[in-house]
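Please read the structure below before turning to the comments.
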Amino acid sequence: MTLDTSPIAAIATAPGRGGIGVVRISGKNLWPVVQAICGKDEHSLTPRQATYLPFKRADGRAIDQGLAIYFKAPHSYTGEDVLELQGHGGPVVMQMLLARCLEAGVDIGLRLAEPGEFTQRAFLNDKLDLAQAEAVADLIEASTEAAAKSASESLSGAFSKVIHDLVNKVTNLRMLVEATLDFPEEEIDFLEQSDARGQLAAIRATLDDVFMHASQGALLRDGLNVVLAGKPNVGKSSLLNVLAGSDVAIVTPIAGTTRDKVTETIQIEGMPLNIIDTAGIREAGEDGSGPDEVERIGIERTWGEVSKADVILHMLDADRGPTLEDEKITERFPDGIPVIRIWNKIDRSGHKPAVDQMSDATHIYLSATDHLGIDLLRGELLRIAGWQQTVESRYLARERHLIALKAAREYLESAAAHASVDNQSSDQSLDLFAEELRLAQERLSSITGKFTPDDLLGVIFSRFCIGK
Ligand code: GDP
């Protein structure tokens, strides 16, 4: 990726009013801006030291007074020279200060920063690897304490370190194999003598462990997407309230419009679940009217959400038994997504709370209002998600990381097949063994940013907020 090194500026603090607001500039040489706004030069502004001064307009009058801090490259967040101006955190004063910076920086080509561009520079200047850069965004976006803790660990390099260690082990093994290929006479005994199989088995075991921790982290980051479907009055809202209310959950209704999907995020044993309410799915209004155009779009969108769900909860009335409407809803469920069929209102039907693993789905009998069998549902959701409460450290992994880890796992599995005892070490199988190791190494390295294509880097950084 080529680095556009023109200096960049942005307001680094959140929009709105606050005690302090920060404008940040990064680039190769920012002294002309410092001179114009702070009236200081290289000799009168000590790097990494806060200096209280007025931030001046072109006519010499002050926009605000505050702290100026200069970070000399490479000792800064981005690895370039960085100037931070800390003023009063009002939206207007911050905009004025930013505009003044751009004006004072015209000659050095100062421009507004793109989203994530400061962090992108930190990555390109080797201040952070890619997994750490992603952790910056994850830490900012973390909505639970556990997620923030994991993001912070990744940012400090804990996840990157386990990936590096794995890459090193794979590289060492690969070098061993390739050296042997250069000396064919020693090849026959190679697998035994170097215990290549043992080494590979150890690497695979470590990778499995990393994958488990990363999957747990991905769940912690993104939550399990659960769709709550069913015809009106079967008890969907009641169930949602029970699930949300009895946990120390942070319940955040995120509604687009009332006609759009509604997602509630709750927690079970620390695992976040995004429950998508499909209350809007209906064919006709209560007064007999059909859904209007806007509603129809909302309904289609909801079905779009259903196809992305991790689990579908299909709620039915145990007292009334299955109906044709229930059938219709079932027909629309996409293949391949686990369905839990919840028979609610057992307080009336006389069923006992139970879990029944049937061929079509898991059936659970419960009562939302009488709190019967709710733990059975909780347990089943945790089981389907593979959530392990006892796991201490989770890497706040992203889908991208999981895909790379999975691919590396498959390459190592193939490597193991080439090195198996049945597959006597022939020239060709050793070649293939080395090649699979190379591919595994490449995929693992992509997590921390080596061999990561430019367009992917672009996507990752564009999702950051401006000023970060
Ligand atoms: P929704 O339309 O599917 O969201 O259903 P609601 O949660 O609004 O419930 C519809 C009605 O069924 C309400 O009067 C609830 O009190 C009642 N209800 C919900 N769950 C139960 C249950 O487990 N037992 C009984 N007896 N009534 C229930």
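This is a predicted model, so every value here is computed, not measured. When a ligand or atom number is given, it counts from 1 through the structure's own listing order. Just the heavy atoms: all of them, side chains too, but no hydrogens, waters or symmetry mates, feed the values below.
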Note: ligand 1 atoms sitting under 4.0 Å from heavy atoms of Ser367 are 22 (C), 23 (O), 24 (N)

Proximity winner for atom 9 (O) of ligand 1, if only heavy atoms of Ala229, Gly230, Ser237, Ser238 are counted: Ser238

In ligand 1, the atoms that come under 4.0 Å of a heavy atom of Asn233 are 1 (P), 2 (O), 3 (O), 5 (O), 10 (C), 12 (O)

Distance from atom 5 (O) of ligand 1 to nearest protein heavy atom, with residue and atom: Gly235 N, 3.0 Å

Can you tell me the protein heavy atom closest to atom 20 (N) of ligand 1 and the distance? Asn344 ND2, 3.0 Å

Does the protein come close to atom 14 (O) of ligand 1 - that is, does one of its heavy atoms sit below 4.0 Å from that atom? no

Axial cation check for Tyr77 ring with Lys468, 6.0 Å and 45° limits: yes

Nearest heavy atom to atom 3 (O) of ligand 1 wins, so pick from Arg348, Lys236, Met315. Lys236

Stacked cation flag Arg100 on Phe55, 6.0 angstrom / 45 deg: no

Is atom 28 (C) of ligand 1 in close reach of the protein, with a heavy atom under 4.0 Å away? yes

Between Lys328 and Glu325, is there a side-chain N and carboxylate O pair less than 4.0 Å apart? no

Measure the distance from atom 12 (O) of ligand 1 to every protein heavy atom, then report the residue, atom name and distance (to 0.1 Å) of the closest one. Lys345 NZ, 3.1 Å

Could you label the plane-to-plane angle of the Phe333 and His314 rings as parallel, tilted or perpendicular, counting under 30° as parallel and over 60° as perpendicular? perpendicular

Donor + acceptor pair across side chains of Ser160, Gln132 (<3.5 Å): no

Report the nearest protein non-hydrogen atom to atom 25 (C) of ligand 1: residue, atom name, distance rounded to 0.1 Å. Thr369 OG1, 3.4 Å

Using a 4.0 Å cutoff against the non-hydrogen atoms of Ala368, which atoms of ligand 1 qualify? 20 (N), 23 (O)

Looking only at the side chains, is there a donor atom on one of Asn241 and Ser238 sitting less than 3.5 Å from an acceptor on the other? no

Does the side chain of Ser349 come under 3.5 Å of the side chain of Tyr365 through a donor N or O and an acceptor N or O? no

Can Val234 be said to touch ligand 1, with heavy atoms closer than 4.0 Å? yes

When you measure from the centre of the six-membered ring of Phe211, is the NZ or CZ of Arg409 under 6.0 Å away and within 45° of the axis? yes

Ionic contact status for Lys161 with Asp165, cut-off 4.0 Å: yes

Which atoms from ligand 1 have a heavy atom of Asp347 less than 4.0 Å away? 22 (C), 23 (O), 24 (N), 25 (C), 26 (N)

